[in-house]
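Chain A is the first sequence line, chain B the second, and so forth, proteins listed ahead of strands; every chain is numbered from 1.
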Number of protein chains: 2
Amino acid sequence: MSQTVDRALTILPLLAEGPANLEQVAARLGVHKSTALRLLRTLHAHGMVYRQQDQRYRLGARLFALAQQAFESLDVREIAHPHLVALNERCGHTVHLAVYEDGEVVYIDKVESRYPVRMYSRIGKPVAITVAAVAKLLLADLPDAERRAVAERLDYPAYTARSTPNAAAFLRELTVVRDRGWATDFGGHEESINCVGAPIRGADGRVVAACSLSAPNVVVSADELLALLPALRGTAEAISAEFSGKPAKPAR
Amino acid sequence: MSQTVDRALTILPLLAEGPANLEQVAARLGVHKSTALRLLRTLHAHGMVYRQQDQRYRLGARLFALAQQAFESLDVREIAHPHLVALNERCGHTVHLAVYEDGEVVYIDKVESRYPVRMYSRIGKPVAITVAAVAKLLLADLPDAERRAVAERLDYPAYTARSTPNAAAFLRELTVVRDRGWATDFGGHEESINCVGAPIRGADGRVVAACSLSAPNVVVSADELLALLPALRGTAEAISAEFSGKPAKPAR
DNA sequence: GTTGCAGTTGCAGTATGTGCAACGTGCGTT
DNA sequence: AACGCACGTTGCACATACTGCAACTGCAAC
């Protein structure tokens with residue numbers, strides 16, 4: 001691992017918290033001002049950070065472009081999208097698509113019926129990994145060792161009384177989810193929000209993504225949401241089929 | 001500037017083109033495999049790249065999270081959003097919001113009436129800078145020297161017969177735009193798409209962002225679109241007022 | 001005019017990144 | 001089944017490029 005690059009990359013999440021000046025960056029990195037300056041200049045040259053008029057640095061526009069391109073190269077998302085829209089049109093609820101990557105679960109698509117214009121604001125956000133239905137599905141499919149390792153490493157924040165309390169409970173839940181083939185989150189993240197999820201599998205049967213339906217329980221009871229499970233699973237299977245069926249991606 | 005960091009950051013746009021293996025990365029960087037490996041490992045440790053099952057690298061999920069956070073810290077976007085939605089509801093056309101940053105213009109918000117679920121796919125994309133109405137507005141307000149420098153540096157792709165042909169024409173157009181206080185793009189990017197834009201100004205009168213209305217000319221003629229100019233300018237001014245009026249951002 | 005602060009620069013020393021060459025490992029082939 | 005190839009990985013010696021220092025600049029406040 002490269003120390004210099006490591007330091008430079010540490011600056012990015014630091015600036016994500018808010019703009020910072022040279023001294024603050026240097027202090028947080030534990031390096032000399034001149035060192036921080038050089039790193040920031042390099043980041044700047046690549047558009048990763050931007051220097052605002054008060055001379056403080058913040059994250060730069062190139063990040064948007066990169067994230068954008070990263071999204072576009074996610075095959076699952078592309079294939080899944082029309083299916084998710086169809087599902088949303090059918091039942092009207094919020095639809096999520098998420099993937100697992102190195103200990104994190106992130107939303108890569110979202111179709112929301114009520115506030116369509118706000119949807120992008122959540123894409124890219126890390127998922128509440130210990131409670132979300134999609135997270136359970138994705139983690140449930142990991143190899144034993146990795147699943148356990150991740151579970152042990154996690155924090156278990158008590159969002160609500162029904163949040164997963166600890167690693168043991170989480171691992172038990174994951175076993176249930178894996179055997180059953182679908183997952184729920186009944187008020188585990190926000191008291192009044194329920195959620196059901198289904199896995200999307202690649203040609204080899206491994207779970208490559210997960211999708212879910214969410215709705216506030218004042219609109220839809222948990223039972224009513226479960227009644228939508230067949231539609232959700234149908235969607236997930238349609239996506240799985242299409243994803244497995246066309247393995248030949250236009251490789252470069 | 002740091003050579004090591006520079007090389008590491010060069011990897012990111014390279015991977016944005018599509019997944020690549022170690023040798024390809026090393027070759028593109030012009031360094032030894034082992035060097036590329038170390039850089040990739042460091043990027044990986046920060047979640048900036050992800051190693052897929054075929055061992056090739058692609059952009060990682062952390063980029064999504066960072067871009068996400070960067071978006072959220074853009075004050076203009078936050079203030080502008082409800083205004084843009086209102087404008088969209090009023091006239092039904094696509095609404096864009098863009099900012100200028102270091103020679104690039106990027107969309108930071110978009111409200112689209114017809115395909116709401118697709119909107120995020122364009123946010124973050126670099127704008128066609130030589131023709132887009134928002135780009136003209138943002139560049140028109142730059143200091144003379146910088147404006148000229150940027151204009152000279154640009155390419156002028158002939159998207160259509162009405163695309164801006166060269167730097168001289170572009171600079172002339174920018175003068176017009178600045179004096180007039182609004183901009184157009186009539187088929188300069190896509191033959192059938194017309195567009196009008198208006199500037200959003202900070203407390204000091206400088207243009208901090210620009211918003212625009214776009215519509216295909218089969219739906220709305222250029223004249224009809226121009227008729228919406230008062231509404232658009234009203235929106236832009238409302239955003240400007242709110243942005244200037246509440247200077248006290250909860251600074252950290 | 002003077003003081004203080006934040007950013008910037010040049011430089012010497014050495015920590016750190018680099019390329020090399022040898023080693024593993026997985027996969028397709030004969 | 002054994003082989004060979006291609007690609008990723010490792011340890012090491014060398015020297016490049018990164019670091020911290022200290023002095024300098026520009027700017028703003030008093």
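- Ring planes of A:F170 and A:Y156: perpendicular class, angle over 60° (limits at 30 and 60°).
- A salt bridge links A:E104 with B:R62; the closest basic N to acidic carboxylate O contact falls under 4.0 Å.
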Every protein N/O lying under 3.5 Å from an N/O of nucleotides 14-18 of chain D:
{"residue": "D:dA17", "atom": "OP1", "partner": "B:Q3", "partner atom": "OE1", "Å": "3.4"}
{"residue": "D:dA17", "atom": "OP1", "partner": "B:Q3", "partner atom": "NE2", "Å": "3.0"}
{"residue": "D:dC18", "atom": "OP1", "partner": "B:Q3", "partner atom": "N", "Å": "3.2"}
{"residue": "D:dC18", "atom": "OP1", "partner": "B:T4", "partner atom": "N", "Å": "2.8"}
{"residue": "D:dC18", "atom": "OP1", "partner": "B:T4", "partner atom": "OG1", "Å": "2.6"}
{"residue": "D:dC18", "atom": "OP2", "partner": "B:Q3", "partner atom": "N", "Å": "3.1"}

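- Salt-bridge formation is detected for the pair A:R58/B:E101: a Lys NZ or Arg NE/NH1/NH2 atom is positioned less than 4.0 Å from an Asp or Glu carboxylate oxygen.
- Rounding to the nearest 0.5 Å places NZ of A:K33 at 13.0 Å from CD of A:Q24.
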Every protein N/O within reach of nucleotides 4-8 of chain D N/O, cut-off under 3.5 Å:
{"residue": "D:dC7", "atom": "OP2", "partner": "B:E23", "partner atom": "OE1", "Å": "3.2"}
{"residue": "D:dG8", "atom": "OP1", "partner": "B:L22", "partner atom": "N", "Å": "3.2"}
{"residue": "D:dG8", "atom": "OP2", "partner": "B:E23", "partner atom": "N", "Å": "3.3"}
{"residue": "D:dG8", "atom": "N7", "partner": "B:K33", "partner atom": "NZ", "Å": "3.0"}

For nucleotides 25-30 of chain D, which of its nitrogen or oxygen atoms have a protein nitrogen or oxygen under 3.5 Å away, and what is each distance?
none

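- Considering only heavy atoms from C-beta on, B:C211 comes within 4.5 Å of B:I200 through its side chain.
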Listing, residues 3-11 of chain A side-chain donor-acceptor contacts under 3.5 Å, not counting sequence neighbours, or none:
{"residue": "A:D6", "atom": "OD1", "partner": "B:H46", "partner atom": "NE2", "Å": "2.5"}
{"residue": "A:T10", "atom": "OG1", "partner": "A:D6", "partner atom": "O", "Å": "2.7"}

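- Taking CG from B:D75 and CZ from B:F243, the interatomic distance works out to 5.5 Å, rounded to the nearest 0.5 Å.
- Rounded to 10°, the helix from C:dG1-D:dC30 to C:dT30-D:dA1 has 40° between the axis fitted to its first five pairs and the one fitted to its last five.
- Separating the CD1 atom in A:I129 from the OG1 atom in A:T164 is a distance of 11.0 Å, to the nearest 0.5 Å.
- With rounding to whole Å, A:Q53 atom CD is found 18 Å from C:dA6 atom C1'.
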Q | side-chain contact (heavy atoms from CB on, under 4.5 Å) assessment of A:R206 paired with A:R201 | A | CA-CA 5 Å; A:R206 298 298 307 272; A:R201 297 174 191 278; over 6 Å; no
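- Annotation: of the two residues near DNA chain C, A:R41 and B:L39, the 5′-most nearest-nucleotide partner is A:R41.
- Heavy-atom contacts from other residues, nucleotides or ligands closer than 6.0 Å to CD of B:Q53 number 12 or fewer.
- Looking at heavy atoms from C-beta onward, A:D102 lies in side-chain contact with B:H44 at the 4.5 angstrom threshold.
- When the salt bridge (charged side-chain N to carboxylate O under 4.0 Å, His left out) test is applied to A:R147, the partners found at least two apart in sequence or on another chain are A:D144.
- Residue B:H32 contributes atom NE2, which lies 14 Å from atom P of D:dT10 at whole-angstrom precision.
- A salt bridge links B:R56 to B:D54: one of the charged nitrogens lies within less than 4.0 Å of a carboxylate oxygen.
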